[in-house]
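Quick notes on the structure that follows.
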Amino acid sequence: MPRLPLPPFTHETASLKVRAAEDGWNSRDPARVALAYTEDSQWRNRSDFLRGRDSIVTFLTAKWRCEHEYRLIKGLWAHDGDRIAVRFAYEWHDDAGAWHRSYGNENWKFTLDGLMARRMASINDVPISEKGRLFHWPLGPRPEDHPGLEELGL
């Protein structure tokens, strides 16, 4: 089944794709997130190399067991044809209660039916104080009126 919007992307449709991905990840539902990827999707996430939806579900399940109160903002960086480049930041705390902001860039490649076939992510973690947090919405999708990366100076 096609996953709208479909390539080739315009600025508007690439922005919609980015927001849909952000909303999916903010659900923290590994099975839901994995449906946006092809059955044999290839990932590089930091130093982890994954292939296929099952490995994506396993990876995300472990991720969200350790990254508590996860809140993510993605922003479109560039697009061309069937590819989108994204930058992002997310905040979370570990089991000890220490807060972090993780910054990164992703490169995405899509199939004609709008599923992501490749996701290459580079990510850096920075410790932050609880007072230094910027993402305070209730868990789940970021509210439409919440500032994005640019507005937050990220």
Side-chain angles (χ1 to χ4, degrees), residues 2-37 41 43-48 50 56-57 59-111 114-154:
R3 187 133 181 139
L4 301 175
L6 305 176
F9 297 109
T10 64
H11 181 79
E12 180 183 352
T13 60
S15 296
L16 290 171
K17 199 68 146 176
V18 171
R19 185 58 190 241
E22 176 187 310
D23 289 348
W25 280 66
N26 277 327
S27 76
R28 292 171 293 121
D29 179 343
R32 174 183 168 193
V33 172
L35 292 175
Y37 301 90
S41 185
W43 277 29
R44 181 183 53 75
N45 193 88
R46 300 176 194 249
S47 59
D48 292 314
L50 311 174
I56 292 169
V57 169
F59 174 84
L60 292 175
T61 299
K63 171 186 179 64
W64 288 321
R65 265 195 218 119
C66 301
E67 295 180 358
H68 308 290
E69 296 194 50
Y70 176 97
R71 290 171 179 86
L72 164 74
I73 299 176
K74 290 183 181 281
L76 176 64
W77 187 251
H79 65 88
D80 184 40
D82 63 353
R83 297 166 192 256
I84 297 175
V86 174
R87 53 190 212 91
F88 62 88
Y90 62 91
E91 294 180 350
W92 57 281
H93 71 79
D94 59 24
D95 290 334
W99 282 93
H100 306 269
R101 185 173 304 122
S102 300
Y103 297 93
N105 299 295
E106 295 175 320
N107 296 311
W108 301 344
K109 184 177 185 337
F110 293 87
T111 59
L115 294 173
M116 195 182 302
R118 292 194 67 174
R119 175 186 172 268
M120 303 295 129
S122 298
I123 307 167
N124 300 298
D125 301 319
V126 177
I128 60 172
S129 67
E130 188 164 358
K131 287 173 50 175
R133 292 178 53 219
L134 298 173
F135 305 170
H136 294 283
W137 68 86
L139 290 177
R142 175 172 54 106
E144 290 295 326
D145 62 347
H146 190 284
L149 296 174
E150 295 293 329
E151 294 85 2
L152 291 169
L154 299 176

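Rounding to the nearest 0.5 Å places OH of Y90 at 4.5 Å from CD1 of I123. Taken to the nearest 0.5 Å, the CG atom of D23 stands 11.0 Å off from the NZ atom of K74. Atoms CD1 and CZ, from I73 and R101 in turn, are 9.0 Å apart once rounded to the nearest 0.5 Å. Here CZ of R28 is found 8.5 Å from CH2 of W64. Values are rounded to the nearest 0.5 Å. Rounding to the nearest 0.5 Å places CZ of F135 at 14.0 Å from CD of E69. Here the straight-line distance linking atom CG of L149 with atom CH2 of W77 works out to 10.0 Å at 0.5 Å rounding.
Of all heavy-atom pairs between G81 and P7, the closest is O-CB, 3.7 Å. Of all heavy-atom pairs spanning L35 and L115, the tightest one is O-CD2, 3.4 Å. Nearest heavy-atom pair, P8 versus T13, reported as atom, atom and distance to 0.1 Å: O-OG1, 4.4 Å. In this structure, S122 and F88 approach most closely via the heavy-atom pair O-CZ, 4.3 Å. The shortest heavy-atom contact between A78 and L76 is O-CD1, 3.5 Å. Listed here is the closest heavy atom pair of G132 and E91: O-OE2, 4.4 Å.
Ring geometry, W108 versus F110: the interplanar angle exceeds 60°, so the pair is classed perpendicular (tilted spans 30 to 60°).
In the displayed structure, D80 atom CG is contacted under 6.0 Å by at most 12 heavy atoms of other residues, nucleotides or ligands. For CD of E151, the number of neighbouring non-hydrogen atoms (other residues, nucleotides, ligands) closer than 6.0 Å is greater than 12. The number of heavy atoms from other shown groups lying within 6.0 Å of NE2 (H11) does not exceed 12.
Side-chain contact check for N107 and R83: no donor-acceptor pair (N or O, by modelled atom type) lies under 3.5 Å.
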Margin query: Pair L4, L6 - check side chain to side chain contact (heavy atoms under 4.5 Å, CB included), show working.
Written below: CA-CA 5 Å; L4 301 175; L6 305 176; 3.6 Å; yes
Checklist line | Pair R142-R71, side chain to side chain contact (heavy atoms under 4.5 Å, CB included): steps then yes or no | finding: CA-CA 8 Å; R142 175 172 54 106; R71 290 171 179 86; over 6 Å; no
Notebook entry, point to check: Between F9 and I84, is a side chain to side chain contact (heavy atoms under 4.5 Å, CB included) present by the stated rule, with each step listed?
Noted result: CA-CA 8 Å; F9 297 109; I84 297 175; 3.8 Å; yes
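Partners of T61 according to the side-chain contact (heavy atoms from CB on, under 4.5 Å) rule, which considers only residues two or more places apart in sequence or in another chain, are P30, V57, R65. For the side-chain contact (heavy atoms from CB on, under 4.5 Å) test, residues two or more places apart in sequence or in another chain that qualify with S41 are Y37, T38, W43, I56. K17 meets the salt bridge (charged side-chain N to carboxylate O under 4.0 Å, His left out) test with no other residue; sequence neighbours excluded. Partners of H93 according to the ring pair (Phe, Tyr, Trp, His ring centres under 6.0 Å) rule, which considers only residues two or more places apart in sequence or in another chain, are H68, W99. Taking the side-chain contact (heavy atoms from CB on, under 4.5 Å) definition, one finds that P143 meets it with W137, D145, H146, sequence neighbours left out. Under the salt bridge (charged side-chain N to carboxylate O under 4.0 Å, His left out) criterion, E67 pairs with K63, sequence neighbours left out.
Remark: side-chain polar atoms of H79 are not paired, donor with acceptor, to backbone N or O of A14 under 3.5 angstrom. Side-chain N or O atoms of R3 include none that pairs as donor or acceptor with a backbone N or O of M116 at under 3.5 Å. Using a distance-only test at 3.5 Å, with no hydrogens or angles considered, a donor-acceptor pair links the side chain of N26 to the main chain of L72. Not a single donor-acceptor pair under 3.5 Å links the side chain of R46 to the backbone N or O of D48.
For the side chain to side chain contact (heavy atoms under 4.5 Å, CB included) test with M120, the passing option among R44, K109, E106 is R44; the others fail.
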